[in-house]
Every structure is written in structure tokens, then in C-alpha cells.
Colleague: 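Here you go, one structure.
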Protein chains: 2
Amino acid sequence: MPAQADEAIREKVLAVADRLYYSRGIQAVGMDALRAEAGVSLKRLYQLFPSKESLVEEVLHRRRQIWNQLVEAAVATGETPRARLLAVYDMLARWFDEDDFRGCVFINTFGELGASTPRIADLVREHKAQFQARLAELIAEAGGPASLAFQLAILAEGAQTTAAIAGTSEAAGHARTAAATLIDSALAERAQ
Amino acid sequence: MPAQADEAIREKVLAVADRLYYSRGIQAVGMDALRAEAGVSLKRLYQLFPSKESLVEEVLHRRRQIWNQLVEAAVATGETPRARLLAVYDMLARWFDEDDFRGCVFINTFGELGASTPRIADLVREHKAQFQARLAELIAEAGGPASLAFQLAILAEGAQTTAAIAGTSEAAGHARTAAATLIDSALAERAQ
DNA sequence: TAGCCTAGAGAACGACCGTTCTCGGCGCTA
DNA sequence: TAGCGCCGAGAACGGTCGTTCTCTAGGCTA
């Protein structure tokens with residue numbers, strides 16, 4: 001039982017679970033469907049993850065890391081603080097254009113399980129708070145006010161939800177335009 | 001079997017279903033829990049609504065009517081087009097402050113059932129499109145550009161989601177401030 | 001080669017769900 | 001008062017889910 005093989009299987013299961021949960025919803029995907037798709041025995045599945053809930057938690061944890069990497073990769077492309085902020089919305093636009101886009105995993109999970117599973121509701125809260133804190137850092141670099149972080153976070157949130165429901169990716173462009181307006185307005189006000 | 005008594009029972013069932021579904025999630029509330037809470041027999045329940053899915057659809061329909069009334073009541077308080085638009089965000093603020101606020105019913109339902117129940121996904125899409133169209137009307141009255149409707153809709157959407165997850169109602173205030181900035185910016189641009 | 005440990009396949013279990021069926025009692029008509 | 005039909009209570013049914021258990025086959029050690 002080589003530990004590194006276990007790690008590979010873990011990652012495979014997490015990747016499959018992420019894909020199935022995201023496309024069909026968590027409650028709609030049973031452990032058996034997961035087992036079949038991942039090519040793992042049920043016994044192994046429960047050795048790696050003691051329960052479905054713990055598996056869901058790890059899927060969210062993994063998504064959070066991926067999200068953070070996407071944000072940082074986008075931010076790294078900007079030369080100025082303003083460009084770094086707007087790059088986040090460009091990243092959203094690319095994401096919304098993917099074929100399997102179905103909204104924010106965290107929002108969907110919150111709607112599905114938040115009322116009955118406090119641990120998962122907390123994970124969602126943490127993730128959103130962390131993203132907002134990152135926005136606040138970028139805004140501080142630009143010399144903007146703290147309230148701007150709330151406004152930009154609301155825009156990003158709304159863009160994800162709107163894109164998921166309307167099924168079009170144009171929400172990202174509108175959010176980006178609105179973000180630019182809000183940033184410029186806040187900086188202009190501070191400048192005078 | 002007086003028809004008006006049937007109507008009263010229908011409304012009672014719908015109200016109870018709305019409350020339970022909203023607070024616990026749809027999948028977490030069985031028909032039997034509903035029966036117990038509404039004080040109706042299972043037989044009657046299935047006479048009034050042929051299936052759980054049809055019941056969910058009617059709950060959403062009812063919520064949509066309530067939402068429209070709230071929007072129109074808020075809009076009616078504004079003297080100017082700008083004030084009418086901002087009144088929508090004031091309405092959101094009051095809603096977020098309610099004890100049992102748990103986000104937008106339509107978003108939550110979309111996350112829970114949207115992937116597996118196309119009819120319900122369509123209802124959610126229709127509702128959001130209608131709200132956005134109403135915003136576009138108000139913006140046209142103010143002489144603003146059509147793209148502003150998208151921006152304001154994204155703000156309202158994001159405010160609801162952010163308030164639900166963060167558990168604070170301050171999102172409405174930030175959304176309102178951002179909305180005012182976007183409106184004024186758009187109108188100033190058009191004026192010159 | 002003999003014995004043991006492991007892991008996979010899948011049956012089994014208990015719980016719950018949406019939906020339907022049965023039964024017993026009550027009220028209305030003749 | 002006798003009979004009929006409706007209604008509520010709740011059992012029953014078929015299905016699915018998360019989780020555990022059983023059985024069997026295969027590879028490793030001595």
C-alpha cells in the first residue's frame with residue numbers, strides 16, 4: 001500500500017467528485033456513482049474519506065486552492081494596482097466562457113447544503129471573506145477606500161450568479177466596466 | 001367541498017412550503033413534514049398539487065409575485081427616476097435585516113435543483129430576466145444607457161448573495177452606494 | 001507449496017423519500 | 001334509521017441513499 005499511490009487515487013477521486021458534484025449537484029450524486037466514475041472500490045473510497053460530508057469538504061478545499069491560484073495568476077498580469085483589480089474580472093470572463101460553467105461552486109453548495117450543514121456553510125463563508133480580504137489588499141495598494149472592496153466583491157459575486165442563471169458570459173464584461181467606474185470614481189474622490 | 005375553502009388551504013400549504021423550503025432547503029423537507037406543519041392530510045396535499053415538483057413551481061410563482069409587489073412598492077416611493085432606482089436597494093436592505101433572511105429563494109433553488117430540473121431552472125431565469133427588464137425601464141426613464149441595467153442587476157444579485165453568506169445586511173448599503181455611483185457616472189457621461 | 005493478509009466486487013442494511021392504497025368513521029340523503 | 005360516499009390517518013410500496021459486511025480471489029512470505 002504505497003502512500004504515493006494512495007495520494008494519486010485521492011486526487012483522482014477528488015477531481016471526479018468535483019466534476020460530478022458541480023455538474024449535477026451534490027445530493028444528486030451518490031457514492032456509488034462516484035465509485036463507478038472514479039474506478040475505485042467502495043471500500044477504498046471510505047478508507048480515503050470517512051464520509052460523504054468529509055469528501056465534500058475536501059472538494060471545497062481543493063476548489064478554494066484552485067480559485068486562489070486563478071486569482072493570483074490574474075493579478076500577476078497587471079502592471080498597476082487598477083489593472084490588477086480589473087484582471088480579476090477578465091479571469092471571470094474566461095471562466096464563464098467555459099462549456100461546463102454552472103456558477104460558483106461555493107454559492108451552489110451553500111444553497112444546497114448551507115441550511116443543514118453548518119460546517120459547509122462556514123467553509124463557504126471563509127472562502128468569500130478571504131476573497132474580499134484579497135480585494136481589500138489590492139485596493140489599499142491603489143490607495144482606494146476600504147468600502148470599495150465590498151463594492152467590488154458584490155460585483156464579482158453578482159457576475160457569477162448572473163452568468164450562471166442567464167447562461168451568458170457577458171455579465172463579466174458588465175461587471176468589469178462597472179468595477180472600472182467604481183475604482184476611478186473612488187480614486188478621483190480621494191485625489192481631490 | 002367549497003371551492004373557497006380549497007383556495008384557503010392551497011394558500012396555507014403554499015405559505016408553509018415556502019417557509020420550510022426557504023429555511024431548510026427543498027430536498028430536506030419531505031411531503032410528510034409539510035403535511036404535519038400545514039395540518040393537511042397527505043391525500044388532500046396530492047389533490048391540491050399533483051407532485052412535489054409542481055408544488056415547488058407554485059411556491060416559486062408565489063414568491064415571484066411577492067417580489068414584484070415589493071419592487072413596485074419601493075419604486076413607487078421615489079420622486080425621481082434616480083430615487084426610484086435606489087429605492088430598490090433600500091428595499092433589499094430591509095429584506096436582509098429580517099431574521100430569517102437566507103438569500104434569494106431563486107438562487108438557492110437554482111443551486112439545489114437547477115441541474116436536474118430544467119423547468120425550475122427556467123422559472124429562475126424568467127424571474128431574473130423580468131427583474132432586469134424592470135430595471136431597464138427605470139433606467140430608460142432616467143435617460144441612462146441600457147448597459148446600466150446589467151450593472152445594476154449584477155449589484156442587486158451580488159448584494160443578495162453576499163448578505164446571505166456573510167450573514168450581515170451591510171451589503172445592501174454598499175450596493176446602494178455603488179449603484180448611485182454608477183447611475184451618476186452614466187448620466188454625467190450622457191449629459192456631456 | 002501452504003497459509004495469511006489484503007483488496008475488490010457487490011450484497012445487505014437501515015433509513016428516508018415521494019407517492020399510492022387501505023381502512024375506519026363521519027355526515028348527508030331517502 | 002339505513003345506506004352511501006367522502007375524508008383523514010397512516011400503513012404500504014418501490015426506489016434510492018450512505019454506510020457496512022461478506023465473500024472470494026490473488027499475491028506475498030516462509
Side-chain angles (χ1 to χ4, degrees), chain A residues 1-14 16-60 108-109 111-120, chain B residues 1-14 16-60 109 111-113 115-120:
Chain A
M1 36 145 190
Q4 74 187 50
D6 266 20
E7 262 319 303
I9 294 181
R10 263 184 85 86
E11 171 56 25
K12 163 133 202 180
V13 169
L14 284 173
V16 168
D18 182 279
R19 179 166 51 83
L20 293 186
Y21 288 164
Y22 184 56
S23 62
R24 304 187 206 164
I26 293 173
Q27 311 215 55
V29 175
M31 295 299 266
D32 201 64
L34 202 58
R35 176 207 58 79
E37 194 85 9
V40 179
S41 78
L42 219 46
K43 193 178 208 171
R44 185 83 135 194
L45 203 49
Y46 276 92
Q47 274 174 359
L48 295 171
F49 308 95
S51 69
K52 181 172 182 177
E53 185 179 335
S54 71
L55 174 54
V56 171
E57 286 174 20
E58 297 220 35
V59 166
L60 289 184
N108 293 347
T109 304
E112 197 173 346
L113 303 175
S116 56
T117 316
R119 254 185 83 68
I120 289 188
Chain B
M1 35 149 190
Q4 76 189 49
D6 267 23
E7 262 320 301
I9 295 180
R10 263 184 85 87
E11 171 56 26
K12 163 133 202 181
V13 169
L14 284 174
V16 168
D18 183 279
R19 179 166 50 84
L20 293 186
Y21 289 164
Y22 184 55
S23 62
R24 304 188 207 162
I26 293 173
Q27 312 216 58
V29 176
M31 295 299 267
D32 200 66
L34 201 57
R35 177 206 58 79
E37 194 84 9
V40 180
S41 77
L42 220 45
K43 195 180 209 172
R44 191 129 158 136
L45 203 50
Y46 277 92
Q47 275 173 358
L48 296 170
F49 308 95
S51 69
K52 180 171 182 178
E53 185 179 335
S54 71
L55 174 55
V56 171
E57 286 173 20
E58 296 220 35
V59 167
L60 288 184
T109 304
E112 196 172 347
L113 303 176
S116 55
T117 315
R119 254 185 85 67
I120 288 187

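Reminder, nothing fancy here: chain letters follow the sequence lines and each chain counts from 1. The figures that follow rest on heavy atoms only: side chains count, while hydrogens, waters and symmetry mates do not.
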Colleague: Only counting residues at least two apart or in another chain, list the ones meeting side chain to side chain contact (heavy atoms under 4.5 Å, CB included) with B/Ala38.
Modeller: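 Side chain to side chain contact (heavy atoms under 4.5 Å, CB included) list for B/Ala38, sorted by chain: B/Val13, B/Val16, B/Val40.
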
Colleague: Whole Å only: how far is the CG atom of A/Leu45 from the P atom of D/dT19?
Modeller: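 To the nearest whole Å, that distance equals 10 Å.
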
Colleague: Roughly, in whole Å, what's the span from CG in B/Leu20 to P in C/dG18?
Modeller: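 Rounding to the nearest Å, CG of B/Leu20 and P of C/dG18 are 12 Å apart.
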
Colleague: Rounded to whole Å, how long is the line connecting atom CG of B/Leu34 with atom P of C/dC17?
Modeller: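 Computing the B/Leu34:CG to C/dC17:P distance gives 12 Å.
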
Colleague: Whole-Å distance between C/dG18 P and B/Asp32 CG?
Modeller: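 In whole Å, C/dG18 P and B/Asp32 CG are 9 Å from each other.
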
Colleague: Can you tell me the distance, in whole Å, between the CE atom of B/Met31 and the P atom of C/dG18?
Modeller: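 Atom CE in B/Met31 sits about 7 Å away from atom P in C/dG18.
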
Colleague: Using whole Å, what does the distance between atom P of nucleotide D/dG18 and atom CD1 of A/Ile26 come to?
Modeller: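 A/Ile26 atom CD1 is separated from D/dG18 atom P by 11 Å.
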
Colleague: May I ask you to decide if A/Ile26's main-chain N or O and A/Lys52's side chain share a donor-acceptor pair within less than 3.5 Å?
Modeller: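 Flag set: sc A/Lys52 to bb A/Ile26 pair under 3.5 Å.
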
Colleague: If you take all heavy atoms of B/Glu58 and B/Leu14, which pair is closest and at what distance?
Modeller: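 Closest approach of B/Glu58 to B/Leu14: CB-CD2, 3.8 Å.
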
Colleague: If I take atom NZ in residue B/Lys52 and atom C1' in nucleotide C/dC16, what distance separates them, rounded to the nearest angstrom?
Modeller: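 Roughly 11 Å, once rounded to whole Å.
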
Colleague: Under a 3.5 Å distance rule, please check whether A/Arg24 uses its side chain to pair with a backbone N or O of B/Ala115 as donor and acceptor.
Modeller: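 The answer is no, because no donor-acceptor pair under 3.5 Å joins these two groups.
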
Colleague: Side chain of B/Thr117, backbone of B/Ile120: donor and acceptor closer than 3.5 Å?
Modeller: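 No: the side chain of B/Thr117 does not pair with the backbone of B/Ile120.
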
Colleague: Does B/Arg119, at its CZ atom, have more than 12 non-hydrogen atoms belonging to other residues, nucleotides or ligands within less than 6.0 Å?
Modeller: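 12 or below, so no.
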
Colleague: Any chance you could list the contact pattern along nucleotides 8-15 of chain C? Use B for base contacts, S for sugar-phosphate-only contacts and - for none, protein heavy atoms under 4.0 Å, 5' to 3'.
Modeller: B-------

